[in-house]
Structures are given as structure tokens and as C-alpha cells.
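Below: one structure, written as C-alpha cells.
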Amino acid sequence: MDLNLKDKVIIVTGGSKGIGLGISQILLKEGAIPFIIGRNKPSIIAVVEEIQKAGGQVGYAFAELTDPEQCKAAVENVVSTFGRIDGLVNNAGVNDGVGLENGNYEDFMASLQKSLVHYYLMAQYALPELKRSKGAIVNIGSKTSFTGQGGTSGYAASNGGRNALTREWAVELLPYQIRVNAVIVAECYTPLYEKWISTFSEPEKKMKSITDKIPLGNRMTTAAEIANTVVFLLSELSSHTTGQLLFVDGGYTHLDRAITVED
């Protein structure tokens, strides 16, 4: 299926690792030009070099996304390099474990900065170009805003905000034919997820206890599966889809997680 994304310039925050990398890779397969923005210089450089070595076209900018000026400069870099922006994927963020009982005001506010505020900043700075291209925005969200997790108030609140902004922007940007949707992730195996699993005394047992409760296939969602839906939402083939929260999670969030694996 041709998604008509050839030579479209798509910003992907955190686009060099995990889900973001998966999105960048699928965009490349569709002939689009991912523009990776993030602070992890070694990771970004390695991915960019690999893409260029394979003959792909990619852009990048280093930015600490909690800094508004760096967000602005990164978006300006996209425009100066390629002259356009056709889409924005707000993906970067971290489940940083800032809870209620053991948290504090400063850490909670910092958590919102790391996982929510730059979604707003990137969209606002990219908006003039998105208006010209009638582009699309896709926000990556988490099941924590629907299910709760415990001990992660900052991240859960950030994801609730992402959901609300998705619906709000879909309304506000209707006059410009800019579509805004979100893809909600539950259990997706990424380097950060692997790091978290490794903190348990029996990582394999912990992993099985999770996958046993994922209804479809009793397995983790892959980054490529998330990316396929994201890229479809960026394309013209989803031309009448806006304001939607799409769950790519094997049924984890809304199906009965009491379903167990039969011995």
C-alpha cells in the first residue's frame, strides 16, 4: 500500500531509540524523511549514520526538550534544512516514577516538563509549517492515563494531558485541515522497558506474568506495530480520522486482563 508519504518531512521526537526509532524506520520504508530531535547525541548520530549509509535521507537536531528555546531552534533547523514540515510525532518522554506518597512538587513539575510540556511546544513551533502543508500530528500516549500504574503520578498526568491535547488540537486545527490523533501504548518492549524488567530479581518470570495478561497472542507489542499505525495516521489514507485515541496494545487496556494462558 502506497501511503503517499514520499519526500514528506516528519519530525519525530526521541526518534533514535525504542518506539521513536521504529517510527523513523517505517517512515523511511515509505519514502518519507524523518527528522529526529532529541538530546541523546550518540544514539542520534549512530542512527543517522546507519540511515545515510543505507542511502536513506534523514535530518536531525540535538535538543533538550524541556528547554523551550532548544525546541524552537530545532524546529527552525527542520525548516532551514528541508523548507517544510509535513508531520509531527510527539514521542519523547519517560516514565520517571514520580509518585504521590514519595514525590514532591519540584519532581512532579519536572516530570510534566519531561513528558508533556514539550508536546505543546513542538506543536506550536511547527504549526505555521503544518498549516501550509495541511500536515498531521500524532501524539504517543500510554495506558497509564487509563489504567493507572501506581507510583508514577507525573507520567500518568502527562499522558492524561496528551490525550486531552489530542482532542483539543483536533478541534482547534479543523479550519486548517490539520488532523491530530494519538496512539496509546501499553506493553511495548523497548530499551527502557528492558532496563525496567532487569531491575527485578527474576526478570523472565516478571515478563511472563505481564505477557500472560496481554489478550492477543500473550506477547508484547513491537515498536514496528506501533509505528505502522502512527505512519498510517500521518498519511492521506487516514484523511478523515482526527481526534482519535487508537490503542495498539493487543487488547491489554480494554479487554479482560483476567484472561490467562491455558496450561
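All heavy atoms count here, side chains included; hydrogens, waters and symmetry mates do not.
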Are [X] and [Y] linked, directly or through other ILVMFWY residues, by side chains that come within less than 4.5 angstrom of each other?
| X | Y | result |
| --- | --- | --- |
| Val47 | Ile11 | no |
| Leu21 | Val9 | no |
| Leu237 | Val248 | yes |
| Tyr189 | Phe200 | yes |
| Tyr119 | Leu233 | yes |

Distance in Å, [X] [atom1] paired with [Y] [atom2], rounded so as to fall on 0.5 Å steps:
| X | Y | atom1 | atom2 | value |
| --- | --- | --- | --- | --- |
| Leu88 | Glu129 | CG | CD | 12.5 Å |
| Lys213 | Lys208 | NZ | NZ | 9.5 Å |
| Ile19 | Glu225 | CD1 | CD | 11.0 Å |
| Ile45 | Phe62 | CD1 | CZ | 4.0 Å |
| Thr222 | Asn228 | OG1 | CG | 7.5 Å |
| Arg132 | Asp86 | CZ | CG | 12.0 Å |

Side chain [X], main chain [Y], donor-acceptor under 3.5 Å:
| X | Y | value |
| --- | --- | --- |
| Ser111 | Phe108 | no |
| Asn77 | Ala73 | no |
| Asn91 | Thr13 | yes |
| Thr242 | Val180 | yes |
| Ser115 | Val94 | yes |
| Gln177 | Lys134 | no |
| Arg39 | Leu65 | no |
| Arg219 | Gly250 | no |
| Asn139 | Asn90 | no |
| Asn218 | Asp212 | yes |

message: Could you walk me through whether Asp249 and Lys143 satisfy the salt bridge (charged side-chain N to carboxylate O under 4.0 Å, His left out) test, starting with their C-alpha distance in whole Å, then the side-chain angles of each, then the deciding distance to 0.1 Å, before giving a yes or no?
response: CA-CA 9 Å; Asp249 66 354; Lys143 51 98 175 175; over 6 Å; no

Nearest heavy-atom pair of [X] and [Y]: which atoms, and what distance?
| X | Y | answer |
| --- | --- | --- |
| Asn104 | Asp107 | OD1-N, 2.8 Å |
| Ser16 | Ile44 | OG-CG1, 3.6 Å |
| Ser24 | Gly15 | OG-O, 2.9 Å |
| Arg162 | Leu116 | N-CD1, 3.7 Å |
| Pro203 | Ser198 | CG-CA, 4.3 Å |
| Leu245 | Arg167 | CG-NH2, 3.6 Å |

Pairwise side-chain contact, [X] with [Y], heavy-atom cut-off 4.5 Å (strictly under):
| X | Y | value |
| --- | --- | --- |
| Val75 | Leu121 | no |
| Tyr193 | Thr190 | yes |
| Met220 | Thr211 | yes |
| Lys8 | Glu30 | no |

Report, as yes or no, whether the 6.0 Å neighbourhood of atom [atom1] on [X] holds more than 12 heavy atoms from other residues, nucleotides or ligands.
| X | atom1 | value |
| --- | --- | --- |
| Tyr176 | OH | no |
| Ile197 | CD1 | yes |
| Tyr60 | OH | no |

message: Against Lys114, only a single residue in Thr66, Asp96, Asn95 fulfils side-chain hydrogen bond (donor to acceptor under 3.5 Å, both in side chains); can you say which?
response: Asp96

query: Does the salt bridge (charged side-chain N to carboxylate O under 4.0 Å, His left out) test come out yes or no for Glu50 and Lys53, once each step is laid out?
result: CA-CA 5 Å; Glu50 183 178 348; Lys53 185 177 179 180; over 6 Å; no

Donor + acceptor pair across side chains of Ser238, Arg179 (<3.5 Å):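 Yes.
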
task: Would you tell me whether Glu76 and Tyr125 have side-chain atoms, one donor and one acceptor, within less than 3.5 Å of each other?
output: no

message: I'd like to know whether Lys29 forms a side-chain contact (heavy atoms from CB on, under 4.5 Å) with Val231, so could you lay out the CA-CA distance, the side-chain angles of the two residues, the decisive distance to 0.1 Å, and finally the verdict.
response: CA-CA 10 Å; Lys29 286 183 179 180; Val231 174; over 6 Å; no

- request: Return the orientation label for the Phe146 and Phe247 ring planes: parallel under 30°, perpendicular over 60°, tilted otherwise.
  value: perpendicular

task: Could you walk me through whether Ser158 and Leu112 pass side-chain contact (heavy atoms from CB on, under 4.5 Å), step by step?
output: CA-CA 6 Å; Ser158 293; Leu112 297 180; 3.5 Å; yes

